[in-house]
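This chain uses plain numbering: 1 for the first residue, then up along the sequence. This structure is a prediction, so every number in the text was calculated from the model and none was measured.
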Amino acid sequence: MYIHSLELSNYRNYDSLNIEFDSGTTILYGDNAQGKTNILEAIYVSTTTKSHRGSKDREIIQFGQEEGHIRTYVNKKEVDHKIDIHLRKSRSKGIAIDGLSIRKSGELFGVANVIFFSPEDLSIIKNGPAERRRFLDLELCQLDKVYLYHYTNYNKVLNQRNNLLKQIYYNPSLADTLPVWNEQLAEYGAEVIRGRQRFIENLNTMLSKIHHNLTGGKESLRLEYEKS
């Protein structure tokens, strides 16, 4: 898989940009504050729907404009795909794959897979467990459609269950429906945990070899997923 071109309009510091990439290695270089990271961020947004900086849509649209666009052309398994991201300040973004609009952002995951390293990644270490879970979930949602299904449903059930708990305070008779939500929450939650465990095990297979070579066999490294 490789990204062979990117088009931007009203994005960050770019009025308009059309850039083509080679199927090999591409290096972006230039002076500071010229927009190199903005290009990488645009690719990340077009494959995950979110900025790696945590920026909201209205913050990445060029100042003074109401809308912005990202068009990413991807070649995957010898098949070309076009990803359109329509950024809007006053409404949620629009997403289309090969000219067809999608309703759920999860449908975009897996069309193009990206690995992004940035200074913001230090938050995985510096911040709490929630940040590390977010990292795992984002990677897994790109790689595994089944995990995405369980993860999405888990969050839906969790929100509905939380709303029910608030309603029970005013209407105690609703408590009879709580076991149904608890059962679904446990079912989807168990699948999420199993998915994360498999991911960690796969990471350990690769990490142990790499770390062993880096330390000349003097150290061993292993990640642990401590679920409650």
Side-chain angles (χ1 to χ4, degrees), residues 1 44-52 54-57 72 74 76-77 81 83-88 91-116 120-121 123-124 127-205 223-228:
M1 185 218 88
Y44 189 83
V45 172
S46 68
T47 55
T48 66
T49 75
K50 297 180 180 179
S51 165
H52 72 284
S55 302
K56 298 179 179 179
D57 288 356
T72 309
V74 179
K76 186 174 184 180
K77 297 180 179 180
H81 298 285
I83 302 171
D84 283 292
I85 305 290
H86 184 188
L87 304 167
R88 297 172 284 210
R91 289 184 293 164
S92 59
K93 64 173 66 69
I95 306 172
I97 302 173
D98 298 331
L100 300 176
S101 298
I102 61 174
R103 294 183 178 181
K104 300 178 181 178
S105 59
E107 296 177 46
L108 176 63
F109 291 154
V111 176
N113 302 109
V114 297
I115 300 173
F116 195 104
E120 288 79 11
D121 288 335
S123 62
I124 298 174
N127 293 352
E131 186 68 25
R132 291 183 278 281
R133 289 195 298 270
R134 189 194 68 81
F135 170 79
L136 289 178
D137 293 334
L138 182 57
E139 303 309 312
L140 278 164
C141 286
Q142 290 190 76
L143 298 170
D144 189 343
K145 291 291 186 182
V146 175
Y147 182 86
L148 175 61
Y149 170 80
H150 290 138
Y151 177 72
T152 302
N153 281 296
Y154 173 82
N155 284 304
K156 285 181 179 178
V157 172
L158 179 63
N159 289 332
Q160 290 169 331
R161 180 181 177 277
N162 287 342
N163 288 331
L164 176 62
L165 290 173
K166 295 177 183 177
Q167 295 173 26
I168 288 174
Y169 180 81
Y170 301 101
N171 187 356
S173 64
L174 293 175
D176 293 338
T177 63
L178 187 59
V180 176
W181 296 108
N182 288 339
E183 183 177 343
Q184 291 187 59
L185 192 68
E187 179 182 344
Y188 289 122
E191 293 298 334
V192 167
I193 289 173
R194 278 193 281 268
R196 289 172 179 169
Q197 285 179 314
R198 287 193 297 269
F199 184 70
I200 292 296
E201 289 169 3
N202 290 334
L203 277 181
N204 278 324
T205 302
L223 297 178
E224 296 288 344
Y225 175 44
E226 296 182 354
K227 57 187 181 299
S228 61

Under 30°, 30 to 60°, or over 60°: which ring-plane class applies to H150 and Y188, parallel, tilted or perpendicular? tilted
Using side-chain heavy atoms (C-beta onward) and a distance below 4.5 Å, is R161 in contact with N182? yes
Does one side chain, of T72 or S46, offer a donor that lies under 3.5 Å from an acceptor on the other? yes
I need the I200 CD1 to K227 NZ distance, nearest 0.5 Å. 11.5 Å
Is V114 close to Q142 at the side-chain level, that is, under 4.5 Å between some pair of heavy atoms? yes
Check whether any side-chain heavy atom of F199 sits under 4.5 Å from a side-chain heavy atom of L143, and report yes or no. yes
Would you say N113 and K76 make side-chain contact, with heavy atoms under 4.5 Å? yes
Separation between CD of E131 and CD of E120, rounded to the nearest 0.5 Å: 10.5 Å
Could you check whether any side-chain N or O of K145 sits under 3.5 Å from a backbone N or O of F109, counting only pairs where one atom can act as donor and the other as acceptor? yes
Heavy-atom check, side chain of R196 versus side chain of Y147, under 4.5 Å: yes
Between R88 and D57, is there a side-chain heavy-atom distance shorter than 4.5 Å? no
d(Q197 CD, L136 CG) to nearest 0.5 Å is 11.5 Å
Indicate yes or no: at least one non-hydrogen side-chain atom of T177 is less than 4.5 angstrom from one of I168. no
